[in-house]
Amino acid sequence: MSLQVFRHWIPTVKDAFDRTLMVAKFFCSLHVTNTFLCTCALAMGPSMLPTLNLTGSLVLVERLSIRFGKMASGDVVLIRSPEEPRKVVIKRIVGVEGDAVGNEEATAVVPKGHIWIEGDNKHNSRDSRQFGPVPYGLLEGRVFWVMWPPEDFGSVGRKVENISLESSAGCQKT
Amino acid sequence: MSLQVFRHWIPTVKDAFDRTLMVAKFFCGLHVTNTFLCTCALAMGPSMLPTLNLTGSLVLVERLSIRFGKMASGEVVLIRSPEEPRKVVIKRIVGVEGDAVGNEEATAVVPKGHIWIEGDNKHNSRDSRQFGPVPYGLLEGRVFWVMWPPEDFGSVGRKVENNSLESSAGCQKT
């Protein structure tokens, strides 16, 4: 009796298994795309104002530039934090290996294999000015497009936007 | 005439496409396994003697310990080089964040989010004694088993093997 019940369920189990396998294959390719081509990220926090929003910006991150070594000064990047390995942060590359970074008080040369990152919002950003140059191997991707909020929709360039708080329509509401 | 030739080839093209898709799906699954579970690595160089061979050891690397934060002092790890971001090296963790590392001449405390790595072969190894502590985010995996050469087949433990060059059968031929 129980064997017949079992046989009755076999097509359903097969069907469920095939659909699960199809979902698994989809997630496999999604993962490969996210790892090697392009992925999304939600950026929150004040350190990249005015380029990115305080309460959250949905950005597109491409992963090709890192592998082809085309990262240069001025790129906004997704990078694993050297202080908290589980956290990924977004900052801008201010200097690559060999560059001299700093101001009038202190200058440093970025060592081989490292980069110097700083947030666009110099007053509220924890970056290389606090924890020093970070190894290039911590880079995760290059932020090239902002999807959300709609007023920031557009590409992310190599220059920090100089937005006057009174006059520009694209500035952040403080 | 050409249209008939075209129709003649359709099943072959479909077959080729299906087989290619099967191979692609296999590599997708292999990639996910390599990234999240376990992968192989070929280790070459003198810096991890006597644990690993000079001319090449095939090792198994597991990727779970890093994600679950279970890396401790004494583990042999695969880590991206802080000096050459395209190179992955194998070293042993000698200190984690908060540990004091060093000898009688100089002692340092490993900062938050970093680890101190050294090669087992202290005389011929470029490691944290030269380039300082490295961020935990550069870790790629934990070496837990040696597959080749056969005389080294076995697990990789948390202690450096103390092999006397004259007496042990498991030592490296210099």
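Here the structure is a predicted model, which means the values were calculated and not measured. Below, chains carry the letters A, B, ... as their sequence lines are ordered, and counting in each starts from 1.
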Provide the closest heavy-atom pair for A:P85 versus B:G113 in the form atom of the first, atom of the second, distance. CD-CA, 4.3 Å
In terms of heavy-atom pairs under 4.5 Å with chain A, which of B:P82, B:S81, B:G29 leads? B:P82
If you group Ile, Leu, Val, Met, Phe, Trp and Tyr by side-chain heavy-atom gaps below 4.5 Å, do A:I93 and A:V89 land in one group? yes
In terms of hydrophobic clustering (I, L, V, M, F, W, Y; side-chain heavy atoms under 4.5 Å; direct or indirect links), are A:L139 and A:V96 co-clustered? yes
Are A:M44 and A:M48 grouped together when hydrophobic residues (ILVMFWY) are joined by side-chain heavy atoms under 4.5 angstrom apart? no
Using a 4.5 Å cut-off on heavy atoms from C-beta on, say whether the side chain of A:K112 contacts that of B:E84. yes
Using the rule that two of Ile, Leu, Val, Met, Phe, Trp, Tyr join whenever any of their side-chain heavy atoms come within less than 4.5 Å, decide whether A:L52 and A:F153 are in one cluster. no
Joint cluster assignment, A:L42 & A:V88, ILVMFWY side-chain distance < 4.5 Å: no
Work out which heavy atom in B:L138 is nearest to a heavy atom in A:G137; give both atom names and the distance. CD2-C, 3.5 Å
Look up atom OG1 in A:T35 and atom NE2 in B:H31, then write down how far apart they are to the nearest 0.5 Å. 4.5 Å
Could you look at B:R86 and say if it's the side chain, the backbone, both or neither that has a heavy atom under 4.5 Å from chain A? side chain
A:R19 atom CZ: more than 12 heavy-atom contacts under 6.0 Å: no
Answer with side chain, backbone, both or neither: which region of B:F36 has an atom nearer than 4.5 Å to a non-hydrogen atom of chain A? side chain
Turns out that what part of B:K25 lies under 4.5 Å from chain A's heavy atoms comes down to side chain
